[in-house]
Amino acid sequence: MRSIIVVLCTALGMSVVAFSAYGQMKGRPAVIDGDTLSFNIRIFGIDTPEKQQRCEKDGACYLCGQDAKRHLETFVKDKDVTCTFTGAITYGRPVGSCAVNGEDIGERMIKDGWALPYERYLKGQLKERYLAAADAAKLSRSGMHAGPFIPPEKWRRGERLACER
């Protein structure tokens with residue numbers, strides 16, 4: 001069977017994105033937020049702070065959702081990203097496992113402290129790797145683990161830090 005390729009150019013940065021019939025995309029996407037790429041794909045297995053979510057560090061509130069977005073932007077900037085669809089759709093967007101030069105973006109975001117593992121969706125070795133990455137981030141106080149924060153899922157339900165009120 002032949003692969004069907006469609007190439008799109010975005011107005012911002014003329015990113016080239018290839019979609020194949022085999023459920024993969026490859027290109028240089030822009031970053032929408034800490035777990036969404038301009039391929040309109042959510043990164044599988046992670047949950048990152050929302051754009052307006054605040055965390056606390058050294059007694060002060062900061063926009064950790066914006067920091068998560070910037071961290072992902074730095075990681076994927078000028079690099080080819082390959083995403084493989086899982087078949088799931090969340091928040092109206094397809095979900096996929098994404099990598100840069102073979103490095104799992106979800107695992108990297110967790111390890112660097114800007115994402116939490118979505119445990120209910122993870123299985124087997126991937127779950128073990130993501131949980132180990134989360135433990136390492138907590139231990140090293142990386143990213144949002146540098147101070148108090150509300151898990152993004154609870155934040156979306158209305159729970160807030162005292163500094164956000």
Side-chain angles (χ1 to χ4, degrees), residues 10 12 15 17 23 25 27-77 81-100 103-165:
T10 63
L12 298 171
S15 298
V17 181
M25 286 193 295
R28 295 186 175 190
V31 173
I32 305 302
D33 62 27
D35 57 15
T36 308
L37 301 171
S38 65
F39 293 159
N40 196 30
I41 190 167
R42 290 198 73 237
I43 300 170
F44 174 73
I46 66 171
D47 196 14
T48 62
E50 298 299 324
K51 288 180 186 178
Q52 296 307 311
Q53 184 172 345
R54 295 177 186 272
C55 296
E56 192 175 327
K57 182 178 178 183
D58 299 328
C61 250
Y62 70 99
L63 287 168
C64 55
Q66 294 294 326
D67 284 359
K69 178 185 177 192
R70 279 190 290 276
H71 189 75
L72 181 56
E73 285 172 333
T74 299
F75 183 58
V76 303
K77 183 178 175 141
V81 174
T82 302
C83 296
T84 303
F85 293 109
T86 65
I89 295 179
T90 60
Y91 300 105
R93 295 175 300 227
V95 178
S97 294
C98 300
V100 170
E103 184 176 2
D104 182 304
I105 292 174
E107 186 173 5
R108 173 71 180 266
M109 289 293 288
I110 294 168
K111 182 174 57 175
D112 292 346
W114 295 111
L116 299 176
Y118 244 142
E119 290 186 54
R120 68 177 164 267
Y121 299 113
L122 298 168
K123 296 178 183 167
Q125 289 182 345
L126 184 63
K127 184 174 186 173
E128 290 174 23
R129 285 195 350 249
Y130 278 24
L131 292 176
D135 288 343
K138 289 176 204 169
L139 188 61
S140 66
R141 300 183 49 81
S142 297
M144 64 185 165
H145 298 283
F149 69 92
I150 303 295
E153 191 169 34
K154 291 182 178 182
W155 191 90
R156 287 189 294 275
R157 285 191 240 132
E159 202 172 314
R160 300 291 186 268
L161 290 171
C163 70
E164 290 183 275
R165 296 183 191 128

Residue pair [X] / [Y]: nearest heavy atoms and the distance that separates them:
{"X": "Glu107", "Y": "Ala133", "value": "O-CB, 4.1 Å"}
{"X": "Trp114", "Y": "Thr48", "value": "O-CG2, 3.3 Å"}
{"X": "Tyr130", "Y": "Gly106", "value": "OH-CA, 3.7 Å"}
{"X": "Ala134", "Y": "Ile110", "value": "N-CG2, 3.3 Å"}
{"X": "Leu161", "Y": "Pro148", "value": "CD1-O, 3.7 Å"}

Could you grab the distance from atom [atom1] of [X] to atom [atom2] of [Y], nearest 0.5 Å is fine?
{"X": "Ile32", "Y": "Arg42", "atom1": "CD1", "atom2": "CZ", "result": "12.5 Å"}
{"X": "Lys154", "Y": "Gln53", "atom1": "NZ", "atom2": "CD", "result": "12.0 Å"}
{"X": "Met25", "Y": "Thr82", "atom1": "CE", "atom2": "OG1", "result": "10.0 Å"}
{"X": "Arg120", "Y": "Lys127", "atom1": "CZ", "atom2": "NZ", "result": "11.0 Å"}

Legend entry - Salt bridge present between Lys123 and Glu128 (N-O < 4.0 angstrom):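 Answer for the salt bridge query: no.
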
Inset, instruction - Answer yes when Asp104 and Arg108 have at least one side-chain N-carboxylate O distance shorter than 4.0 Å, and no when they do not. - result: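 Looking at Asp104 and Arg108, the cut-off is not met.
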
Inset, instruction - Would you list the pairs meeting side-chain hydrogen bond (donor to acceptor under 3.5 Å, both in side chains) in which at least one residue belongs to residues 156-165, sequence neighbours left out? - result: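 Those involving residues 156-165 are Asp47-Arg156, Glu50-Arg156, Tyr91-Arg156, Tyr118-Arg156, Trp155-Glu164.
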
[X] versus [Y]: any side-chain heavy-atom pair under 4.5 Å?
{"X": "Asp112", "Y": "Phe75", "answer": "no"}
{"X": "His145", "Y": "Leu116", "answer": "yes"}
{"X": "Leu126", "Y": "Phe44", "answer": "yes"}
{"X": "Ile41", "Y": "Arg93", "answer": "no"}

Inset, instruction - Kindly indicate, with the supporting measurements, whether the criterion side chain to side chain contact (heavy atoms under 4.5 Å, CB included) is fulfilled by Met109 and Ile43. - result: CA-CA 10 Å; Met109 289 293 288; Ile43 300 170; 5.6 Å; no

Only pairs under 3.5 Å count here: list side-chain donor-acceptor contacts from residues 54-67, not counting sequence neighbours, and write none if there are none.
residue, atom, partner, partner atom, Å
Gln66, NE2, Lys51, O, 3.2
Asp67, OD1, Arg70, NH2, 2.3

Legend entry - Option passing side-chain contact (heavy atoms from CB on, under 4.5 Å) with Ile105 (candidates Ile46, Asp35, Leu72):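 So the option named by the test is Leu72.
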
Legend entry - Backbone N/O of Gly113 and side chain of Ser142: donor-acceptor pair under 3.5 Å: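 Answer holds: no.
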
